[in-house]
Amino acid sequence: MSERIRVLLSEQEVNRRIQEIGGQISRDYEGKQVHLVCVLKGGSFFMCELAKRITVPVSLDFMSVSSYGSETKSSGVVKIVKDLDEPLKDKDVIVVEDIVDSGRTLSYLLTMLQDRGPKSLRLCTLLDKPERRVTDVQVDYTGFRIPDEFVVGYGLDYDQKYRNLPYIGVVEFD
């Protein structure tokens, strides 16, 4: 089975929206420092671009969780592959994710991070698929709401391919 990629959101659309989100976060955290927690691997492209557009002081940390493997649907089983390097106690934290799908992974992750005592905890995602939600998750900053299609690019992958696309595309299988 082969696949091809159809453009869903152009590079220009994605860049424009990230600029807007960076501006909103900068206004919301004026006079404060924000601690961005990237969910690897997919969130890294988005977080790097977002951090460049935030005007308040920013610190970064990374964690890796998995619930997909090489499948196109979440297994629902969350595995922490790499935990954070720094404590979250008393920090204003924004978890940066590439996509919110079923909500299972993020619900688990946000509950775990809240137990670490941040001053505040918010969620920012580049893409949101609300119609796929099976667990309620509050998304504070959303790039785009998208239909229930399997997407790649800008950090999102299909079996470790297509992360480097500068746009969001839909995987179509032959």
Side-chain angles (χ1 to χ4, degrees), residues 5-65 68 81-101 103 105-107 109-110 112-114 116 118-130 132-133 137-147 149-158 160-170:
I5 309 303
R6 173 178 46 88
V7 175
L8 178 65
L9 298 164
S10 72
E11 182 176 4
Q12 294 77 16
E13 290 174 290
V14 173
N15 286 333
R16 184 174 42 249
R17 185 65 186 125
I18 293 172
Q19 180 69 42
E20 292 168 359
I21 295 168
Q24 185 62 54
I25 290 171
S26 298
R27 288 186 296 277
D28 291 350
Y29 288 88
E30 190 173 337
K32 300 177 182 177
Q33 176 171 327
V34 66
H35 186 70
L36 302 180
V37 171
C38 176
V39 181
L40 295 170
K41 297 177 184 171
S44 60
F45 288 69
F46 175 43
M47 187 176 83
C48 289
E49 291 302 315
L50 179 64
K52 291 190 295 187
R53 292 162 172 89
I54 296 173
T55 58
V56 299
V58 172
S59 57
L60 311 173
D61 206 346
F62 301 86
M63 84 183 310
S64 181
V65 298
Y68 281 82
V81 180
K82 181 215 175 294
D83 207 342
L84 297 172
D85 293 328
E86 299 178 25
L88 298 181
K89 183 112 177 95
D90 298 325
K91 292 181 180 177
D92 289 307
V93 176
I94 300 176
V95 174
V96 180
E97 180 63 287
D98 53 0
I99 190 166
V100 179
D101 196 328
T105 302
L106 280 171
S107 177
L109 183 61
L110 291 170
M112 182 188 75
L113 296 178
Q114 187 64 54
R116 297 182 183 189
K119 184 189 301 181
S120 66
L121 181 64
R122 289 187 170 175
L123 174 60
C124 178
T125 188
L126 180 58
L127 304 173
D128 189 7
K129 287 187 190 177
R132 296 257 312 140
R133 201 82 81 246
V137 174
Q138 169 156 347
V139 181
D140 301 286
Y141 304 99
T142 301
F144 300 93
R145 285 185 170 79
I146 61 169
E149 298 182 285
F150 194 80
V151 291
V152 294
Y154 226 92
L156 293 117
D157 73 297
Y158 169 62
Q160 296 299 327
K161 296 183 288 188
Y162 307 115
R163 286 188 196 279
N164 60 319
L165 296 176
Y167 56 86
I168 303 298
V170 175

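In this structure Lys52 satisfies the side chain to side chain donor-acceptor pair (under 3.5 Å) test together with Glu49, sequence neighbours excluded. Every residue meeting the side chain to side chain contact (heavy atoms under 4.5 Å, CB included) condition with Val7, not counting sequence neighbours, appears here in chain and number order: Tyr167. In this structure Gln114 satisfies the side chain to side chain contact (heavy atoms under 4.5 Å, CB included) test together with Pro118, Leu121, sequence neighbours excluded. The salt bridge (charged side-chain N to carboxylate O under 4.0 Å, His left out) check on Asp61 picks up nothing, with sequence neighbours excluded. In terms of the side chain to side chain contact (heavy atoms under 4.5 Å, CB included) criterion, residue partners of Tyr162 (sequence neighbours excluded) are, by chain and number, Glu3, Ile5, Val152, Tyr158, Leu165. Residues satisfying the side chain to side chain donor-acceptor pair (under 3.5 Å) criterion with Asn164, sequence neighbours excluded, are absent altogether. Partners of Arg16 by salt bridge (charged side-chain N to carboxylate O under 4.0 Å, His left out), not counting sequence neighbours: none found. The salt bridge (charged side-chain N to carboxylate O under 4.0 Å, His left out) check on Arg145 picks up nothing, with sequence neighbours excluded. Partners of Asp140 under the side chain to side chain donor-acceptor pair (under 3.5 Å) rule, at least two apart in sequence or in another chain, are Gln138. The salt bridge (charged side-chain N to carboxylate O under 4.0 Å, His left out) check on Lys91 picks up Glu86, with sequence neighbours excluded. Listed by chain and number, the residues in a side chain to side chain donor-acceptor pair (under 3.5 Å) with Asp90 amount to none (sequence neighbours excluded).
Remark: side-chain polar atoms of Lys129 are not paired, donor with acceptor, to backbone N or O of Ile99 under 3.5 angstrom. Of the possible donor and acceptor atoms, one in the side chain of Thr125 sits under 3.5 Å from a partner among the backbone N and O of Leu127. A donor-acceptor contact shorter than 3.5 Å is absent between the side chain of Thr55 and the backbone of Ser26. Side-chain atoms of Arg133 do not come within 3.5 Å of backbone N or O of Gly103 as any donor-acceptor pair.
Smallest separation of non-hydrogen atoms from Leu110 and Leu123: CD1-CD2, 4.1 Å.
Taking OH from Tyr154 and CG from Asp98, the interatomic distance works out to 12.5 Å, rounded to the nearest 0.5 Å. Here CG of Leu126 is found 9.5 Å from CG of Leu50. Values are rounded to the nearest 0.5 Å.
Contact of the Arg116 side chain with the Leu84 side chain is registered, since non-hydrogen atoms from C-beta on lie closer than 4.5 Å. Contact annotation: the side chain of Lys41 never approaches that of Asp157 to less than 4.5 Å [non-hydrogen atoms, C-beta and beyond]. Using a 4.5 Å heavy-atom cutoff, the side chains of Phe45 and Val14 are not in contact. Counting only heavy atoms from C-beta outward, the side chains of Ile94 and Ile25 approach each other to under 4.5 Å.
The number of heavy atoms from other shown groups lying within 6.0 Å of NZ (Lys119) does not exceed 12.
Sorted by first and then second residue, the salt bridge (charged side-chain N to carboxylate O under 4.0 Å, His left out) pairs involving residues 22-39 (not counting sequence neighbours) are Asp28-Arg122.
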